[in-house]
Amino acid sequence: MPAKTFSDGEMVMGRWPGSHLYYEVQVTGYNKSTQLYAVKYKDGTELDLKESDVKPLNYFKTKKGSSSRQRSRSRSRSRSPARTQTPKRSSSRGRETKKPVQKEEVQKKNLPPVKFVHEKLQENSTNSKTTSVIDDKEEKEENNTKNTYRVVEHKIRREIVTDQLGLPYNLRAKKEEGKVVELETKDDHLYIKKQAAWTQEWEFGGRVGAFFIMILLPAAVILLLLMCAQEDASVLNFPPQIPALQTLWSSTALGIFVLWFLFQALLYLLPIGKIVDGLPLANGKKLKYRINAFYAFLLCGAAVAAALYNEVNLSYIRINLLQLAISAMAFSLVLSIYLYVRSWRVPADELAVGGNSGSFVYDFFIGRELNPRIRNFDLKYFCELRPGLLGWVVINLGLLFAEMESQGRDVPSLAMVLVNSFQLLYVMDALWNEEAILTTMDIVHDGLGYMLIFGDLVWVPFTYSLQAFYLVNHTSELSWPVALAIIALNTVGYIIFRGANSQKNAFRRNPHDPKLAHLKTIPTATGKSLIVSGWWGFVRHPNYLGDLIMALAWSLPCGFNHIIPYFYVIYFTCLLIHREARDEYRCRKKYGVAWNKYCQQVRYRIFPYIY
Ligand code: NDP
């Protein structure tokens, strides 16, 4: 058994898990059986590190400037975008340089930090396979060369150690994390033209899962609409009668859908509403977003009112719901193809970490580009909130009129009024709090591909309106006490949902906001803190809990005769449980020990005392 090299209490340089960064840490112990050093970072994070990830304090300093090659590299480093992207690190060294940089930040930049470069250069002298990448952007500008980065190969190993709670930590860059796309030789050096952050973890069952989901989603929408239209809307009444294929397609429906999309795009472009910054991207930039969704909602409302005044029959929606859905599917497919093709032209640092696996099927599904924009028109931001959400409201309204027509009512049923009102409130809330979407997973993490496009343009408007569609053909008479109980349930759900989302959004935007001073927080090594009281101290995803309570309240007005109106709450529970697991996994990687502490303090994920 090798002897222990470092003693307890000694200050050393410790590698930050999953990155190539080294920070000053103090050795707090050594486990002989696992041969791991327990170390404490300056921000309080405690980790177990392998000996190879621990270096003497002066390890890097002694290598500095030891050769002309190194001198030239230090120069290029000091000018590299990696440094300008993290200005605080160079300007306020005392605090910031010692703070471990977030693993994903490093992966996205694909640029090794300064200290790693020193280490690797030293290794390089003895091992020709050892490599690293140095961003040499300004040098390249001086030399009038385009987009070239100096590259030195490096050997990549994967080593897993265990953190204090027995959870796996990856201390090495995995092979997929960085991949040289194009190399050329220049002045005796290897240059890299483009480097992409390759997806490390596959979600949704990888390429096979993605393939089947892409086929199953449209089939599910069509089947649900057909089943819901049946007189006996029972899932046992399966398969529903499939109409003749030619009746499924309608160019008029496609025209209406495209016009709707363009109308929404026009409203999006209106120069009204404030402009806000998005969260910082991996490349340090912040995108600008115009906040005018609620104006769009009001203008849409005015347009629909004008249409009704001019006796436009909204029952068209009910009669052609399937054709409209199929048009939306075709449109989504074309848009997804466009997004996939254009993603090959964008710089590597604009790709989503999750959608760059190299598999066409998977990347097409997940989405390669994080924030595709045509000039200032942000396609993801637009699709998330406008055509689908507002489309859902209009479909619901059309179904309300269809109910009155088909059931010979002068006024819609109480059940229909509740469903329409609850869902209208949900959409209005999303549009009113438009800014809050900028801190959600969809915007911050996921690329824009078939998954989000289909979800936004097809799934949301055509399956979230199932309750209203069900009520068109199936009467559900509610008594007022029952209705009031359902309203109370929806109100509780809404208060939790809105309270949690607003609290997190406000905290992420300004953690020092005096209004949030009462919240208890846990600091993390990334510099961000986690809220551990208030809504986020109740369960770990209070916003999901509120959303699910509301989902139940939307289904209850339909009674208990059939399960189809409950499709939404069942599907949504599965979606949010899966989403919670995805988020949890990312947060654990991002925040490490701090996340584990949070989980210890807030034990339940979504449902208190249950899950
Ligand atoms: P969240 O808004 O819940 O964001 C999750 C992120 O919040 C985490 O990655 C983390 O990011 C941050 N976070 C987690 N815990 C804490 C904490 N304790 N303190 C501070 N920050 C924390 O994710 P979603 O995008 O999934 O959901 C947003 C809303 O949209 C939810 O209300 C959800 O129900 C709803 N939704 C609705 C859907 C629908 O179809 N109707 C579909 C999907 C979502 P970081 O630390 O990096 O900031």
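Just so you know, these numbers use all the heavy atoms, side chains as well, and skip hydrogens, waters and symmetry mates. All ligand and atom numbering here is 1-based and tracks the order in the structure.
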(message) My understanding is that we take every heavy atom of each candidate and find the minimum distance to atom 29 (C) of ligand 1. Doing that for Leu519, Val602, Ile437, Asn501, which one comes out nearest?
(response) Asn501
(request) If you have a sec, work out which protein heavy atom is nearest atom 31 (C) of ligand 1 and how many Å separate them, to one decimal? (result) Asn543 ND2, 3.4 Å
(request) Please write down residue, atom name and distance for the protein heavy atom closest to atom 37 (C) of ligand 1. (result) Asp547 OD2, 3.5 Å
(message) Could you tell me if Tyr426 and Asp547 have a donor-acceptor pair between their side chains, going purely by distance under 3.5 Å?
(response) yes
(message) Just so I know, are the side chains of Arg579 and Leu576 near enough to count as touching, which here means a heavy-atom distance under 4.5 Å?
(response) yes
(message) Is there a polar contact, in the sense of an N or O pair closer than 3.5 Å, between Tyr464 and ligand 1?
(response) yes
(request) Could you check which of Arg582, Lys504, Gln601, His541 puts a non-hydrogen atom nearest to atom 7 (O) of ligand 1? (result) Lys504
(request) Can you pull out the closest protein heavy atom to atom 46 (O) of ligand 1? Residue, atom name and distance to 0.1 Å, please. (result) Tyr591 OH, 2.3 Å
(message) I'd like the name of whichever of Arg579, Arg508, Lys590 reaches closest to atom 20 (C) of ligand 1 through any heavy atom.
(response) Arg508
(message) Check Lys380 with Glu369, please: is the shortest side-chain N to carboxylate O separation under 4.0 Å?
(response) no
(request) Among all protein heavy atoms, pick out the one at the shortest distance from atom 38 (C) of ligand 1; state its residue, atom name and that distance to 0.1 Å. (result) Phe572 CE1, 3.6 Å
(request) Go through Tyr571 and Trp459 one step at a time and tell me if the ring-ring contact (aromatic ring centres under 6.0 Å, His included) criterion holds. (result) CA-CA 11 Å; Tyr571 139 81; Trp459 191 260; 5.2 Å; yes
(message) Atom OH of residue position Tyr604 - does it have more than 12 heavy atoms of other residues, nucleotides or ligands inside 6.0 Å?
(response) yes
(message) So that I know where these two stand, are Phe382 and Phe261 an aromatic pair - ring centroids less than 6.0 Å apart?
(response) yes
(message) My understanding is that we take every heavy atom of each candidate and find the minimum distance to atom 19 (N) of ligand 1. Doing that for Ile531, Leu575, Val532, which one comes out nearest?
(response) Ile531
(request) Kindly identify the option in Trp535, Tyr426, Tyr544 whose heavy atom sits closest to atom 23 (O) of ligand 1. (result) Tyr544
(request) Determine yes or no for a side-chain-to-main-chain donor-acceptor pair under 3.5 angstrom, with Trp595 supplying the side chain and Lys589 the backbone. (result) no
(request) Could you list which atoms of ligand 1 come closer than 4.0 Å to a heavy atom of Tyr598? (result) 18 (N)
(message) Under a 4.0 Å threshold between the charged nitrogen and the carboxylate oxygen, would Asp583 count as salt-bridged to Arg605?
(response) no
(request) Find all atoms of ligand 1 within a distance of less than 4.0 Å from any non-hydrogen atom belonging to Phe497, and give their numbers and elements. (result) 32 (O)
(message) I want to confirm something. Looking only at heavy atoms, which of Thr440, Thr439, Asp583, Asn505 is nearest to atom 9 (O) of ligand 1?
(response) Asp583
(message) Between Arg386 and Glu434, does any NZ, NE, NH1 or NH2 come within less than 4.0 Å of an OD or OE carboxylate oxygen?
(response) yes
(message) Please check: side-chain N/O of Tyr268 versus main-chain N/O of Ala296, any donor-acceptor pairing under 3.5 Å?
(response) no
(message) Considering non-hydrogen atoms of the protein only, which is the closest contact for atom 14 (C) of ligand 1, and what is the distance?
(response) Trp536 CZ3, 4.0 Å
(message) Quick test: of every protein heavy atom, which one is nearest to atom 10 (C) of ligand 1, and how far off is it to 0.1 Å?
(response) Cys587 SG, 3.9 Å
(message) Do Ser465 and Asn396 pair up side chain to side chain, a donor and an acceptor below 3.5 Å, judged on atom types alone?
(response) no
(message) Check this for me - ligand 1, Lys528, N or O atoms closer than 3.5 angstrom, yes or no?
(response) yes
(message) For ligand 1 and Met441, I'd like to know whether there is a polar contact (N/O to N/O, distance under 3.5 Å).
(response) yes
